[in-house]
Novice: 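Okay, here's the structure, questions in a sec.
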Amino acid sequence: LEAARGEELQLAQELQQARTLASQLETSLQTAEHRGSALSVEAQAQGAQMAFLRTELASHASAAEEASARHASARQVHGELHHELMAASSSRGVWEGEVAGLRSELA
């Protein structure tokens with residue numbers, strides 16, 4: 001009977017230790033779940049931020065392409081105006097020569 005009581009006491013202690021360990025494991029599991037949830041929320045926030053930055057980058061790239069196209073167009077117009085100015089200057093020289101010839105004839 002004495003041995004049975006000793007064994008019963010030992011089993012009760014082991015059961016209590018098992019319950020304590022199970023409680024600690026449950027707490028650790030809950031902590032890990034909370035951390036996982038927090039990391040998931042953080043990952044979602046970073047994903048949203050990355051999507052926003054990709055959109056901004058695409059917008060800036062598009063604006064840069066448009067500015068480059070406008071710059072090329074402006075350079076083309078500048079070149080055309082320069083040619084027209086040179087042609088007008090040449091024509092002016094011709095007209096001035098003709099006017100000088102007419103003045104000489106009149107004088």
Side-chain angles (χ1 to χ4, degrees):
L1 189 63
E2 194 73 28
R5 283 190 180 164
E7 190 176 325
E8 182 182 351
L9 182 61
Q10 182 181 355
L11 288 174
Q13 288 175 344
E14 288 178 10
L15 179 61
Q16 183 59 38
Q17 287 174 350
R19 286 181 180 157
T20 301
L21 181 59
S23 175
Q24 290 172 347
L25 289 174
E26 180 65 27
T27 301
S28 294
L29 177 61
Q30 289 174 355
T31 301
E33 286 174 346
H34 288 298
R35 285 183 186 159
S37 178
L39 289 175
S40 175
V41 168
E42 183 179 341
Q44 288 174 353
Q46 287 181 352
Q49 184 178 17
M50 289 299 292
F52 172 76
L53 291 175
R54 282 188 193 103
T55 301
E56 284 293 303
L57 179 61
S59 174
H60 288 297
S62 176
E65 287 175 12
E66 289 175 18
S68 178
R70 285 193 307 267
H71 180 256
S73 177
R75 285 184 61 150
Q76 181 179 357
V77 169
H78 177 263
E80 291 170 2
L81 289 174
H82 179 73
H83 287 299
E84 287 181 24
L85 178 62
M86 296 305 288
S89 177
S90 177
S91 294
R92 181 179 175 194
V94 170
W95 283 105
E96 286 176 348
E98 287 186 20
V99 168
L102 289 173
R103 284 186 182 158
S104 324
E105 289 178 18
L106 290 175

Novice: For residues 6-17, pull every pair meeting side chain to side chain donor-acceptor pair (under 3.5 Å), keeping only residues two or more places apart or in separate chains.
Specialist: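 For residues 6-17: Q10-E14.
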Novice: Show the atom names and distances, to 0.1 Å, of all donor-acceptor pairs under 3.5 Å that link a side chain in residues 88-97 to residues at least two apart or in another chain.
Specialist:
residue : atom : partner : partner atom : Å
S91     : OG   : A87     : O            : 3.1
R92     : NE   : E96     : OE2          : 2.9
R92     : NH2  : E96     : OE2          : 3.4

Novice: Below 3.5 Å, can you tabulate the donor-acceptor pairs from side chains in residues 52-77 to any protein atom, sequence neighbours excluded?
Specialist:
residue : atom : partner : partner atom : Å
T55     : OG1  : A51     : O            : 3.0
Q76     : NE2  : E80     : OE2          : 3.3

Novice: Just list the side-chain donor-acceptor pairs under 3.5 Å for residues 23-50, sequence neighbours left out, or say none.
Specialist:
residue : atom : partner : partner atom : Å
E26     : OE2  : Q30     : NE2          : 3.2
T27     : OG1  : S23     : O            : 3.0
S28     : OG   : Q24     : O            : 3.1
T31     : OG1  : T27     : O            : 2.9
E42     : OE2  : Q46     : NE2          : 3.4

